[in-house]
Amino acid sequence: MAGVTVKAGEGNTLNVLGMPLRFLCDAKDTEGAWSLMEEEIPFGLGPPPHRHDWDEAYYVIEGVLDFEIDGKPVRVAPGDFAYLPRNTVHAFKGASPSPTRVLIFAVPAHSSAFFEEVNREVHTVPDDLAKVPAIGQRHGIEFMPAPGGSRRGP
């Protein structure tokens, strides 16, 4: 396995539901052991409650994220860190006027394939949002039903 260096502005960047996501170290670089991504999350955007069978850690560089972690609200600001063990139900939304920049560390590196497929298959929102739960299911992500039984978000 070779070392990896990614300069500012370089790296594989995807547009995931209006949120730029840049791979700093992808699954293929670590033989699936872990991945590191930088994401920009605009105000009000972010995934609905979901869970998956890998751990994630978030470090906020700029801006603010409003998390929901196992049903509890948590605000994460610059310099703050959040660790979510596998199968933790979580959601987050950008909560600052300018996009929030966050580093996301995943162990093992399963999320890469999900983001790549969403980038390929979901082109218009809200028209293509109905595709996201099936894509998630193929990659081990379970989106939680909204209260009352209807699905919210993807």
Engineer: Do you know which two heavy atoms are closest between I41 and L65, and how far apart they sit?
Structural biologist: CD1-CD2, 3.7 Å

Engineer: Please round to the nearest 0.5 Å and tell me the distance separating atom OG1 of T13 and atom CG of L21.
Structural biologist: 8.0 Å

Engineer: To the nearest 0.5 Å, how far apart are CG in D70 and OG1 in T88?
Structural biologist: 5.5 Å

Engineer: S112 and D26: which non-hydrogen atoms are nearest, and at how many Å?
Structural biologist: OG-OD1, 2.7 Å

Engineer: According to side-chain contact (heavy atoms from CB on, under 4.5 Å), who are the partners of K72, at least two apart in sequence or on a separate chain?
Structural biologist: none

Engineer: Are V64 and M19 co-members of a hydrophobic cluster defined by side-chain heavy atoms under 4.5 Å apart?
Structural biologist: no

Engineer: Can you see which heavy atom on P47 is nearest to which on A91, and at what distance?
Structural biologist: O-CB, 3.4 Å

Engineer: Determine whether S98 and E62 make a side-chain contact, defined as any pair of heavy atoms from C-beta on separated by less than 4.5 Å.
Structural biologist: no

Engineer: Tell me which pairs pass salt bridge (charged side-chain N to carboxylate O under 4.0 Å, His left out) where either residue lies in residues 39-52, with sequence neighbours left out.
Structural biologist: R51-E142

Engineer: Please enumerate all residues that pass side chain to side chain donor-acceptor pair (under 3.5 Å) together with D53, with sequence neighbours excluded.
Structural biologist: none

Engineer: Using 0.5 Å steps for rounding, measure from the CG atom of L24 to the CD atom of E10.
Structural biologist: 11.0 Å

Engineer: If the condition is side chain to side chain donor-acceptor pair (under 3.5 Å), which residues does H139 pass it with, not counting sequence neighbours?
Structural biologist: E117

Engineer: Can you name the residues that form a side chain to side chain donor-acceptor pair (under 3.5 Å) with R22, not counting sequence neighbours?
Structural biologist: E38

Engineer: Side-chain atoms of residues 119-133: list all donor-acceptor pairs with protein atoms under 3.5 Å, sequence neighbours left out, distances to 0.1 Å.
Structural biologist:
residue, atom, partner, partner atom, Å
N119, OD1, N15, N, 3.0
H123, NE2, R120, O, 2.6
D128, OD2, H123, N, 2.8
D128, OD2, T124, N, 3.1
K131, NZ, E121, O, 2.9

Engineer: Locate the shortest heavy-atom distance separating F143 from G136; write the atom from each residue and the value.
Structural biologist: CE1-CA, 4.3 Å

Engineer: Please table the atom pairs, donor to acceptor, closer than 3.5 Å between any side-chain atom in residues 73-82 and protein atoms at least two apart or in another chain.
Structural biologist:
residue, atom, partner, partner atom, Å
R75, NE, D66, OD1, 2.7
R75, NH2, D66, OD1, 3.1
R75, NH2, D66, OD2, 2.9
D80, OD2, A77, N, 2.8

Engineer: Going by the rule side-chain contact (heavy atoms from CB on, under 4.5 Å), which residues pair with S111 if we only count those two or more places apart in sequence or in a different chain?
Structural biologist: S35, M37, W54, A106, F115

Engineer: Specify the closest pair of heavy atoms between T100 and A95, including all atoms of both residues, with the distance to one decimal.
Structural biologist: OG1-N, 4.4 Å

Engineer: Which ring-ring contact (aromatic ring centres under 6.0 Å, His included) pairs, counting each pair once, include a residue from residues 2-45, with sequence neighbours left out?
Structural biologist: W34-F105

Engineer: Could you pull out all residues at least two apart from H90 that satisfy side-chain contact (heavy atoms from CB on, under 4.5 Å)?
Structural biologist: H50, H52, E56, Y58, L84

Engineer: Same cluster or not: are L14 and V118 linked, directly or through other Ile, Leu, Val, Met, Phe, Trp or Tyr residues, by side-chain heavy atoms under 4.5 angstrom apart?
Structural biologist: yes

Engineer: For G46 versus K93, what's the shortest heavy-atom pair and its separation?
Structural biologist: O-NZ, 3.7 Å

Engineer: With sequence neighbours excluded, tell me which residues meet side-chain contact (heavy atoms from CB on, under 4.5 Å) with E31.
Structural biologist: M1

Engineer: Can you tell me how far the CE atom of M144 sits from the CD atom of E68, to the nearest 0.5 Å?
Structural biologist: 11.0 Å

